[in-house]
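Values in this document were obtained by computation on a predicted structure and should not be read as measured data.
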Amino acid sequence: MLRLLGQAGLKPTLVRLGLIRTRNVEPLSAEAEAEALVSALERLGPTFVKLGQIMGTRADLLPPELTERLSRLHDAVAPVPFEEVRSQLVDDLGDDPAEAFAEFSATPIAAGSIAQVYEARLTTGEPVVVKVRRPGIEEVIRADLRLLSAAARVIERRVPSLRRHQPTRVVEQLAHALLEEIDFRIEARNQEDVRQRTTVFVVPRVYRQFSTDRTLVSDRILGRSPNQAFRLAEPALAGTLAPEAARGLLGLMLLDGVFHADPHPGNVLVTPEGRLALLDFGSVGRLSAKRREQVLVVLGSLVDADVGAVSDILMDWASRSGPPPPGLEPAVDGFFTRYGAQSGRDVRLAEAVTEFISIARQNELALPPDLLLLMRALGISEGLARTLDPDLDVVEAITPVVLDAFAQRFSFKALATRGFRILKELDQVATIAPEALRRGVARLRREGLVVEVSIPDLKAVSDAVRRAGDTLASAVVAAALILSGALYSSASGGDPAQSLFSLVALGLGVGIWLVFVVRRRD
């Protein structure tokens, strides 16, 4: 892998990180380094492309010039010949595709690194698409993930400057996302979940009787891409659909807690009836009730500029304890100045989200994956709405959804639910508190109060005390020998034995004193 990265032009980067050693290598600019990395990931295959796409969402950790290029990664590849797919389809469908369907086209209408898609028609007449996982791709992905996991551990050990980017955590996130993406049962569940919740979008129906972990059969939706050409051809319809798209996507996020995580124009169609349809549910985000409440607190703070509340939430999202970083609250305050209700400027949602994430990155606060997925989806949703209507005030368009979310949060049902949760927790505390207190008092009576003191570098302290004791003992012994030698010398009266003893004592004393002096210098 290192050889391929070097061949892609990343040798200076590998040298800088200490992963290889060589001489006479010119450093790369940030732009050239980003382009070389994108090229290398595309050459390495689908697992690494997905890794790059995930890295492209980590604007809280990586600089914007890199995340912008990584977000453009694509995995379009040549399709697998149908004969390699046929046996897999026979196993999954229980019959040859030509028999299982009234019509089946062996020419794929789309192909990616993980799956390819075919047109078909059910025996009951419904037009469908058949999404088939590429044969052998799961084994390739699992092998690549093992390689990446080992590489991440090496990088964390050998490159301290990259530890804050959490390479092992990124690989774990990649493994979770990829193994979910190749299991079409999860995609089918996501698709049906969104279909049941939304009234704004058309979502294809899944045919469970034909679907497995490797095959997904759902309605075929016909329509046009909501791009600039569509806007120019039908400006009135585009202007009507733009606020609907913004409100519908945000409503799924804040009201339902499940949302399409990649609603770019390639995954959205305008049906002949003039409605928006969502396609491809391989990437779906989910927000817990607690997370939605936190997002609402952040949105509400745009009105009252509650710097402390937003700083606390950012610390909680990053799982950081203790006081906030020195630059966090000033940065949040500056954010409110530029994007708060009192700023008086036309706020662009994607711009505000980008700056909010950069605040986390500058203060070394890594955000959880579900929130990064939400923020990325918000930016893409705004891009879709502005493609349909460049003059749309997105903030004004989504305000009714935000107000509905706040109304739900403070509805009688929501308040009763939170109150019940609090009472249940208090009941648990009241149930276990007497027994815990009884055990604590009994142990205190048996063992007394034990205080544990933790001192960093305690071994260094003990070594210093030992050296000081040795030095003191040496000084005392040297002084005693010199003094005794002097006393015997003065009292010898010419006695050779006493004179010899005094000389020996003086010599030993002076020798020990000299060793003491040398050790102090060392």
Q: Just do the salt bridge (charged side-chain N to carboxylate O under 4.0 Å, His left out) check on Arg286 and Asp370 with the steps written out, would you?
A: CA-CA 7 Å; Arg286 295 180 183 274; Asp370 59 338; over 6 Å; no
Q: Begin from the C-alpha positions of Glu192 and Arg189 and carry the test salt bridge (charged side-chain N to carboxylate O under 4.0 Å, His left out) through to its verdict.
A: CA-CA 5 Å; Glu192 289 181 329; Arg189 187 169 65 247; over 6 Å; no
**Q.** N/O donor-acceptor pair under 3.5 Å between Asp219 side chain and Arg205 backbone
**A.** yes
(Q) Can a donor-acceptor pair be found, under 3.5 Å and without considering hydrogens, that links the side chain of Thr240 to the backbone of Ala236? (A) yes
Q | Partner set under side-chain contact (heavy atoms from CB on, under 4.5 Å) for Leu279, not counting sequence neighbours | A | Pro204, Ile221, Leu269
Q) When you measure from the side chain of Ser301 to the backbone N and O of Val297, does any donor-acceptor pair fall under 3.5 Å? A) yes
Q | Under 3.5 Å donor-acceptor, Arg134 side chain and Gly112 backbone | A | yes
Q | Under 3.5 Å donor-acceptor, Arg121 side chain and Gly125 backbone | A | yes
Q | Sub-4.5 Å side-chain heavy-atom contact between Pro226 and Leu241 | A | no
Q. Would a distance-only check, ignoring hydrogens and angles, find a side-chain to backbone donor-acceptor pair under 3.5 Å from Thr198 to Val194?
A. no
Q | Whether Phe104 and Phe82 hold their rings parallel, tilted or perpendicular, with breakpoints at 30° and 60° | A | tilted
Q: Under the side-chain contact (heavy atoms from CB on, under 4.5 Å) rule, collect the residues that match up with Glu180, sequence neighbours excluded.
A: His176, Ile186
**Q.** Arg214 bridged to Glu138 by N-O distance under 4.0 Å
**A.** no
Q.
Within the 4.5 Å heavy-atom criterion, are Asp213 and Phe184 side-chain neighbours or not?
A. no
Q: May I ask you to decide if Glu364's main-chain N or O and Arg320's side chain share a donor-acceptor pair within less than 3.5 Å?
A: yes
Q: Pick out which of Val80, Val132, Leu93 makes a side chain to side chain contact (heavy atoms under 4.5 Å, CB included) with Gln88.
A: Val132
Q. Are any of the side-chain heavy atoms of Pro243 and Glu396 separated by less than 4.5 Å?
A. no
Q.
Using a 3.5 Å distance criterion without hydrogens, assess whether the side chain of Asp183 forms a donor-acceptor pair with backbone atoms of Arg185.
A. yes
(Q) Does atom CD (Glu355) have a neighbourhood of more than 12 heavy atoms from anything else shown, all under 6.0 Å? (A) yes
Q. Checking Arg133 side chain against Ile182 main chain: does a donor-acceptor pair fall under 3.5 Å?
A. yes
Q) Under a 4.5 Å cut-off applied to non-hydrogen side-chain atoms, are Asp96 and Arg86 in contact? A) yes
Q: Taking the side chain as every heavy atom from C-beta outward, state whether Val217 and Thr215 have any pair of such atoms under 4.5 Å apart.
A: yes
Q: Spell out, as yes or no, whether a donor-acceptor pair under 3.5 Å connects the side chain of Asn363 to the backbone of Ile359.
A: yes
**Q.** Straight-line distance of Arg376 CZ to Leu373 CG, nearest 0.5 Å
**A.** 7.0 Å
Q.
Is the distance between the ring centroids of Phe356 and Tyr339 under 6.0 Å?
A. no
Q. Is there a salt bridge (charged side-chain N to carboxylate O under 4.0 Å, His left out) between Asp280 and Lys131 once you walk through the steps?
A. CA-CA 10 Å; Asp280 192 354; Lys131 186 175 181 179; 3.7 Å; yes
Q.
Going by ring-ring contact (aromatic ring centres under 6.0 Å, His included), name the pairs with one or both residues in residues 255-293, residues two or more places apart or in two chains.
A. His260-Phe281
Q: Would you check if Asn190 and Val258 make a side-chain contact, meaning some heavy-atom pair closer than 4.5 Å?
A: no
**Q.** Arg292 and Ser288: side chain donor to acceptor below 3.5 Å
**A.** no
Q. Looking only at side chains, do Glu156 and Thr168 share a donor and an acceptor under 3.5 Å apart?
A. yes
Q. What's the verdict on side-chain contact (heavy atoms from CB on, under 4.5 Å) for Asp193 and Arg197, showing C-alpha distance, side-chain angles and the deciding distance?
A. CA-CA 7 Å; Asp193 201 4; Arg197 294 172 185 271; 2.8 Å; yes
Q. Can you find a side-chain donor-acceptor pair between Asp262 and Ser283 that sits under 3.5 Å?
A. no
